[in-house]
Amino acid sequence: MHVRDAVEADAEAVAALASRPVDAVRDAVHERSVRVAVRESDAAAGLPDDTSDPGDPTEPSDPAGYVAFDARPDAVHVTGFAGDPETVERLLAEPVRFAEREGMVVEIVVEETASGQRDAVERAGFSAVGSGPRFEGTPTVRYRLDPATDGSET
C-alpha cells in the first residue's frame with residue numbers, strides 16, 4: 001500500500017469513501033493535511049514507466065482510504081478517515097508520525113455507534129479517554145494517543 005498526499009482530483013473518490021459532499025472534501029484537501037492510500041498495483045497502473053513515483057498525482061488512482069488531520073496548539077486532530085481496517089491503521093500512522101516529530105498528542109472523535117471505526121482506532125494504539133461532542137445528536141467517544149508514551153493519556 002502506498003500513502004500519498006491527496007490532490008484535488010481525489011475529491012470525488014474520497015467523498016464517496018467519507019460519505020461527504022465533494023466540495024467539502026475539496027476544501028479539506030486545500031485546508032488540511034489529507035493523505036490517501038492506494039494499493040501498489042493501482043498506484044503503478046496509470047504510470048508511464050517504472051521510474052515514476054507511485055504517488056505521482058497526474059494520474060491519481062482511486063483511493064482505498066483516507067485520513068484528514070490538522071495541527072492545533074494543543075494536539076493533532078484527526079478530522080476524518082475511512083477505509084478497511086488495515087488501510088485505516090496504516091493511514092492513522094501519518095498523523096501519529098507528525099505528532100511524534102512535533103512533540104504533540106493525537107486526538108480523534110468517533111461516533112459511539114461506529115464500532116468498525118472504533119476498532120480500527122484502537123488497533124492503531126489509541127485509547128478511549130471519555131465522551132466527545134455530540135454530532136447531530138449522536139454521542140461520540142474521544143480517543144487519544146501520545147506517541148511519546150506509547151498511547152498513554154497525558
Side-chain angles (χ1 to χ4, degrees), residues 1-43 54-55 57 60-102 104-154:
M1 181 170 311
H2 178 73
V3 175
R4 62 171 170 78
D5 288 338
V7 295
E8 193 168 319
D10 294 317
E12 285 189 37
V14 171
L17 283 168
S19 300
R20 293 194 175 159
V22 174
D23 288 341
V25 172
R26 278 192 192 104
D27 289 345
V29 167
H30 293 289
E31 297 170 3
R32 295 196 162 106
S33 296
V34 181
R35 308 284 190 275
V36 293
V38 292
R39 309 237 181 267
E40 294 295 339
S41 59
D42 292 342
S61 301
D62 282 339
Y66 88 101
V67 64
F69 59 96
D70 58 53
R72 299 190 185 146
D74 60 330
V76 173
H77 293 272
V78 174
T79 58
F81 67 93
D84 64 55
E86 178 184 312
T87 301
V88 167
E89 191 170 347
R90 169 62 182 91
L91 285 164
L92 289 175
E94 296 293 312
V96 170
R97 198 172 3 267
F98 177 85
E100 189 169 35
R101 280 193 312 266
E102 300 299 320
M104 302 173 82
V105 298
V106 185
E107 292 190 344
I108 302 176
V109 175
V110 181
E111 289 184 1
E112 207 172 77
T113 58
S115 60
Q117 284 188 324
R118 291 182 61 196
D119 289 345
V121 167
E122 290 170 7
R123 272 194 309 278
F126 288 79
S127 299
V129 294
S131 299
R134 289 183 172 268
F135 291 140
E136 297 179 356
T138 302
T140 64
V141 177
R142 187 170 56 98
Y143 286 88
R144 186 178 183 112
L145 184 142
D146 183 346
T149 59
D150 288 330
S152 299
E153 184 180 359
T154 58

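Side-chain atoms are counted along with the backbone in the values below, which use heavy atoms only and exclude waters and symmetry mates.
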Residues at least two apart in sequence or cross-chain that pass side chain to side chain contact (heavy atoms under 4.5 Å, CB included) with Pro21, listed by chain then number, are Ala24

Stepwise side chain to side chain contact (heavy atoms under 4.5 Å, CB included) test for Gln117 and Phe81
CA-CA 9 Å; Gln117 284 188 324; Phe81 67 93; 3.8 Å; yes

When the side chains of residues 11-20 are checked against the rest of the protein, which donor-acceptor pairs come out under 3.5 Å, sequence neighbours left out?
from: Arg20; atom 1: NH2; to: Thr79; atom 2: O; distance (Å): 3.4

Would you indicate whether the side-chain heavy atoms of Glu112 and Thr140 approach each other to under 4.5 Å?
no

Solution key, residues 104-111 side-chain donor-acceptor pairs under 3.5 Å, sequence neighbours excluded:
from: Glu107; atom 1: OE2; to: Arg142; atom 2: NH1; distance (Å): 3.2
from: Glu107; atom 1: OE2; to: Arg144; atom 2: NH1; distance (Å): 2.5

Which of Val96, Val121, Val129 passes side chain to side chain contact (heavy atoms under 4.5 Å, CB included) with Leu145? It is Val96

Using side chain to side chain donor-acceptor pair (under 3.5 Å) as the criterion, list what pairs up with Tyr66, not counting sequence neighbours.
none

Show the nearest heavy-atom pair for residues Glu122 and Tyr143, with the distance to one decimal.
OE2-OH, 2.9 Å

Least distance between heavy atoms, Pro63 atom then Val38 atom:
CA-CG1, 3.9 Å

Considering residues at least two apart in sequence or located in another chain, which fulfil the side chain to side chain contact (heavy atoms under 4.5 Å, CB included) criterion with Asp23?
Arg26

State which residues pass salt bridge (charged side-chain N to carboxylate O under 4.0 Å, His left out) with Arg72; sequence neighbours excluded, sorted by chain then number.
Asp70

For the student: nearest non-hydrogen atoms of Ser33 and Arg35, plus distance
CB-NH1, 3.6 Å

Non-hydrogen atoms of Val76 and Ala99 that approach each other most closely:
CG2-CB, 3.8 Å

Please tabulate, one pair per line, all N/O donor-acceptor pairs under 3.5 Å involving side-chain atoms of residues 85-95, not counting sequence neighbours.
from: Thr87; atom 1: OG1; to: Asp84; atom 2: OD1; distance (Å): 3.0
from: Thr87; atom 1: OG1; to: Asp84; atom 2: OD2; distance (Å): 3.2
from: Arg90; atom 1: NH1; to: Glu94; atom 2: OE2; distance (Å): 2.9
from: Glu94; atom 1: OE2; to: Arg97; atom 2: NH2; distance (Å): 2.7

Euclidean distance, Asp62 CG relative to Arg39 CZ, rounded to 0.5 Å
11.5 Å

Does Glu102 form a side chain to side chain contact (heavy atoms under 4.5 Å, CB included) with Phe98? I'd like the steps, not just the answer.
CA-CA 6 Å; Glu102 300 299 320; Phe98 177 85; 3.8 Å; yes

Are the side chain of Asp10 and the backbone N or O of Val7 linked by a donor-acceptor pair below 3.5 Å?
yes

